[in-house]
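Reminder, nothing fancy here: chain letters follow the sequence lines and each chain counts from 1. This one's a predicted model, so the numbers in the text were calculated from it and none came from an experiment.
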Amino acid sequence: MTLNRSEAPETPALSNFLRDIIAEDVRTRKYGDATIQTRFPPEPNGYLHIGHAKAICLDFGLADEFGGKTNLRFDDTNPEKEEQEYVDSIQRDIHWLGFDWERLCFASDYFGQLYEWALQLIRAGKAYVDDLSADQIRQYRGTLTEPGKESPWRNRSVEENLDLFQRMKAGEFSDGSRVLRAKIDMASPNLNMRDPVMYRILHATHHRTGDDWCIYPMYDYAHGQSDSIEQVTHSMCSLEFADHQPLYRWFIEQLGIFPSQQIEFDRLSLTYTLLSKRKLLQLVKEGFVNGWDDPRMPTLSGLRRRGFSPEALRTFINTVGASRTNGIVDIEMLEHFQRDYLNRRARRAMAVLRPLKLIIDNYPENQVEHVEVQNNPEDPSAGTRLVPFSREIYIEMDDFRELPPPKYYRLSPGKEVRLRNAYFVTAHSIVKDSAGNIVEVHCTYDPASRGGNSPDGRKVKSTMHWVSAAHAISAEVRLYDKLFSKPDPNDVPEGGTFLDNLNPDSLQILADARLEPSLAGATAEDRYQFERVGYFCLDPDSSETKKVFNRTLPLKDSWAKIEKKAGV
RNA sequence: UGGGCGAUCGUCUAAUGGUAGGACAGUGCCCUUUGGAGGCACUUGUCUAGGUUCGAAUCCUAGUCGCCCAGCCA
C-alpha cells in the first residue's frame, strides 16, 4: 500500500490548544529525553469515518510535528462486537489517509500484563470480586444526585478475592455472575469513580486471543495502562471521556507506572451527516445504503469510492482545527477543499449526462474533425488531446430551451453559442416526438469559427460541452447527493427516527450518459472534471464493457442559483 | 436538581492583558472558450451584568445558555 502523503504540500499548522500543550511539555521537558508518543486507538467494531480522520490527523500529525511516534492500537477488549474485517479495513483506511504507524498494537497483547496488575491491585486491597448482578450494581451505583451504596462483597479478604478472581479467569463461573471492581469511592460525585468494573466474565471467542480468556478488561481498566505500556506521552481522545480522566490517572498512580496523560478535544460534527457508528451500522445492515463503502457514506471507504482525495481531507481537518467546544461544521467547507484540490488536479473531459441530439445541417455528412483540447486549463503541463467532432453531436438537455427564461444564455431557437473548442452554432428548428418531447435540435455552424472563435470578433454568451454522437461511448453515471435532507439528521418530530430524514434523491442513476471516447481508457486512479458538470471517478462496479462513473461533487452552479431565485 | 466541560461573525477557528484576524457560506462588481476557476469589494461577532486595570475576548464575581456522565460498550 502506498501512502498519499507526499502528493501535496501539507497545510501550515494552525494554532490549536493541543499543539500548545505538547509544545509546552516539550519546552519544560515534562518527559525528559523521551520522545513524544501518541496512539490512535480504534475499536475494531466498524469502519472508520471522517470523524476518525480528525483523530488520526491529530494523533499522527501532532506527533510527527514534534518528532514523535504514533502507534496504531486496536482497543479490542470486547470480543462480542469486534471482528478481523474491521481490523483490516481500519489499517487500509489509515494508509489511504496518508499515515503509517510506528507499531501495530492490540490491547489484547496486554491481557497478561493487565491480569498481573489486577492481582497486584487485589493484594493492595484496591480491588475486589463482586457477586452482585448487573442490575444490582446499577441500583447500588446511586444516581447523578445521590451517592451509591457499597456492595456487601466489598470487604472480602485479599485471599478470597485472589481465589475468586483466579477462578473467574479459570472459567469456573458463568457470564455475568461476578465482576472484578476497583475499590474507590461509592459516594464520589463522579460516577466513574464509584467502584468501576475492571473485568467481566465473557465466554466469547476473541478475534485474536481465541478462547485463551473468558474474562475481559473494561475500557477504563485497559486504556490508560495500554497507553502507559507504550510510553504514550499525550493520549488524545474525545470530550466525553473527560469524566474518565480521574480514573485513568487513578489506575496509573496505584500501579506506579509510566504517567501517560489524557487530553480531550471535540469530535468532528458535520451538517447533513451522521457519524454515529451504531446508526451507520444500521444504514448498512438494513440496506439503506449499499455497504460501508457506499459513496454516500461518511466512512473513509465511502469517501474514497466517491472520489474524495485524502490530501484535501487533511487540509479540511487542519483548517477546521480542534478545540473543546461542541460545534457543527458546514459540509460546504469539506466540499470546498475537495473542489479546490480537484480543480487543480483533475483532467477535464466532455461528457453529456442527459443527451439531446444536435444536428448541424450545414456540416458535411461524413466528415470527422479532431479538435485539440486542453487536458487541464489550470495546469498547461497536463497537455492536450484530440476530440472527434462530426455532424451529429449530443448536448446536454439542460443546455437547450425552446422558450428561454430571462438570463438564459445557452442554446435556444435563433441563438448562437459556442461548442467548446469547436465551432459557433445557431439553432434553427426542433423536432418533437408525439408526446411533445424535444428529440432533435437542428442548427447551422460557422465554418470560420473553428476552435471556438469567430474571426469577425463576434461574441457569444455561452460555451457548451458536447460529444460526437458516432464516437461517444455510453456509460452509467451515478449522481450522489446528501444522504440526509436536514442539516441535523437527528432533528425529527416526536416518535420519528433519523431514517425519516433520509434524502430520497441521494442517488440518481443515469443509465445512458454519452462520454467522449478518451474516457474509455479511464482507470480507477483517475479523477476527472466533466466540464461544466462536476468531478467524477470510475466506480469499481465498472466492467470491460460498461463503465460506471461516480459523481464526486457537482461544480458550483451559479445558473442554478439564478433559476432558483427567479422561481421563488 | 450532583459532577465535569464549554460559550468570539450564519458556521468553524485565531488573538495567551495592548489594532478582534482567517477560512467557509452569503452579496455585489470585474474577468472568463467551463454560468467552473480567478480577482476585487462588502456585510456580520467577543452570552449577560457587575468589577479589577491606563487598557479586558482574555483576569475576578454572579448569572444565563449548551454539551457530557447513572453499560458487566468504547
Only pairs with both distances under 3.5 Å count, Watson-Crick or wobble alike; so what is the partner of B/U58 in this structure? none

Is there a Watson-Crick or G-U wobble partner for B/U53 with both distances under 3.5 Å, and which nucleotide is it? none

Please work out if A/L132 contacts a base, only the sugar-phosphate, or nothing of the nucleic acid, heavy-atom cut-off 4.0 Å. base

Report yes if at least one side-chain N or O of A/R200 is closer than 4.0 Å to OP1 or OP2 of B/C73; otherwise report no. yes

Name the nucleic acid region contacted by A/F241, choosing base, sugar-phosphate or nothing; use a 4.0 angstrom heavy-atom cut-off, strictly under. base

Is there a donor and acceptor pair, one atom on the side chain of A/R339 and one on the base of B/G36, closer than 3.5 Å? no

Counting only heavy atoms not in A/R267 (residues, nucleotides, ligands), do more than 12 fall under 6.0 Å from its CZ? no

State which residues pass salt bridge (charged side-chain N to carboxylate O under 4.0 Å, His left out) with A/R354; sequence neighbours excluded, sorted by chain then number. none

Should the pair A/K486 and A/Y272 be classed as cation-pi, given the thresholds of under 6.0 Å to the six-membered ring centre and 45° from the axis? no

Please state whether the phosphate of B/G4, meaning OP1 or OP2, lies under 4.0 angstrom from any side-chain nitrogen or oxygen of A/R324. no

It should be established whether A/T77 places a side-chain nitrogen or oxygen under 4.0 Å from OP1 or OP2 of nucleotide B/A74. yes

Do the rings of A/Y248 and A/H223 sit parallel, tilted or perpendicular, given the 30° and 60° boundaries? tilted

Using only side-chain N and O atoms of A/R194, determine if any of them is under 4.0 Å from OP1 or OP2 of B/A70. no

Less than 4.0 angstrom between a side-chain N/O of A/R141 and OP1 or OP2 of B/C72, yes or no? yes

Considering only the C1' atoms, how many Å lie between B/U34 and B/A25, rounded to the nearest integer? 23 Å

For B/C73, give its Watson-Crick or G-U wobble partner with both distances under 3.5 Å, or none. none

With a 4.0 Å limit, can you tell me whether A/S323 has a side-chain N or O closer than that to the phosphate oxygens OP1/OP2 of B/G6? no

Is a donor-acceptor pair below 3.5 Å formed from side chain A/D243 to base B/G3, judging by atom type as modelled? yes

With syn defined as a glycosidic angle within 90° of 0 and anti as the rest, where does B/G50 land? anti

What nucleic acid atoms does A/V320 come within less than 4.0 Å of, heavy atoms only: base, sugar-phosphate, or nothing? sugar-phosphate

Across every strand shown, the nucleotide meeting Watson-Crick or G-U wobble geometry with B/A20 (both distances under 3.5 Å) is none

Under 4.0 Å: is that the gap between some side-chain N or O of A/K81 and OP1 or OP2 of B/A74? no

Over 60° means perpendicular and under 30° means parallel, so classify the ring planes of A/F241 and A/Y219, tilted if in between. tilted

Just to be sure I understand the rule, does A/P377 reach a base, reach only the sugar-phosphate, or reach nothing, if contact means heavy atoms closer than 4.0 Å? base

Nucleotide paired to B/C29 in any strand shown, Watson-Crick or G-U, under 3.5 Å: B/G39

Does A/Q529 get its side chain close enough to the base of B/U34, under 3.5 Å, for a donor-acceptor pair? yes

Less than 4.0 angstrom between a side-chain N/O of A/R348 and OP1 or OP2 of B/U34, yes or no? no

Inter-nucleotide P distance (B/G35, B/G18), Å rounded: 50 Å

Taking the cut-offs as 6.0 angstrom to the six-membered ring centre and 45 degrees off its axis, would you call A/R418 and A/F424 a cation-pi pair? no

Atom C1', compared across B/A23 and B/U8: separation rounded to whole Å: 15 Å

Quick one: the side chain of A/E240 and the base of B/G4, do they pair up donor-acceptor inside 3.5 Å? no

Just to be sure I understand the rule, does A/N343 reach a base, reach only the sugar-phosphate, or reach nothing, if contact means heavy atoms closer than 4.0 Å? base

Scan A/G327 against the nucleic acid and name what it touches under 4.0 Å (heavy atoms): base, sugar-phosphate only, or nothing. sugar-phosphate

For B/C9 versus B/G45, give the span between their C1' atoms, rounded off to a whole number of Å. 4 Å

Classify A/N453 by what it touches in the nucleic acid, base, sugar-phosphate, or nothing, heavy-atom distance under 4.0 Å. base

Using Watson-Crick geometry (N1-N3 plus N6-O4 or O6-N4) or G-U wobble (N1-O2, O6-N3), each under 3.5 Å, B/C65 is paired with B/G6

N/O (side chain, A/K561) to phosphate O (OP1/OP2, B/U27) under 4.0 Å: yes

Of A/I317, A/T315, A/L342, which meets side chain to side chain contact (heavy atoms under 4.5 Å, CB included) against A/F337? A/T315

Just to be sure I understand the rule, does A/M464 reach a base, reach only the sugar-phosphate, or reach nothing, if contact means heavy atoms closer than 4.0 Å? nothing

B/A15 and B/U46, which share atom name C1', separated by this distance in whole Å: 11 Å

Taking the same atom, P, in B/G6 and in B/U44, what whole-Å distance lies between them? 31 Å

OP1 or OP2 of B/U13 less than 4.0 angstrom from a side-chain nitrogen or oxygen of A/T325, does that happen here? yes

Note: for A/V329 and A/E378 on RNA chain B, the residue whose nearest nucleotide lies more 5' is A/V329

So what does A/A222 hit on the nucleic acid, given a heavy-atom distance under 4.0 Å: a base, only sugar-phosphate, or nothing? nothing

Is the shortest side-chain N/O distance from A/H336 to OP1 or OP2 of B/C24 below 4.0 Å? yes

Which part of the nucleic acid, if any, lies within contact of A/I562, taking any heavy atom under 4.0 Å across all strands shown: a base, the sugar-phosphate backbone alone, or nothing? base

Would you classify A/L334 as touching base, sugar-phosphate or nothing, given that sugar-phosphate means primed atoms plus P, OP1 and OP2, and contacts are heavy atoms under 4.0 Å? nothing

Can a side chain N or O of A/K556 be found less than 4.0 Å away from OP1 or OP2 on B/A25? yes

Run the ring-centre check on A/F111 versus A/H206 and record whether the distance is less than 6.0 Å. yes

Quick check: on RNA chain B, is the nucleotide nearest A/K407 upstream (toward 5') of the one nearest A/P41, or the reverse? Name the residue that is more 5'. A/K407

Given A/H465, which of A/D399, A/I395, A/N421 fulfils the side chain to side chain contact (heavy atoms under 4.5 Å, CB included) condition? A/D399

Roughly how far apart, to the nearest Å, are B/U27 and B/A20 at atom P? 29 Å

Any strand: nucleotide that pairs with B/U34 via Watson-Crick or wobble, under 3.5 Å: none

Using atom C1' in both nucleotides, what's the gap between B/G2 and B/U11 to the nearest angstrom? 34 Å

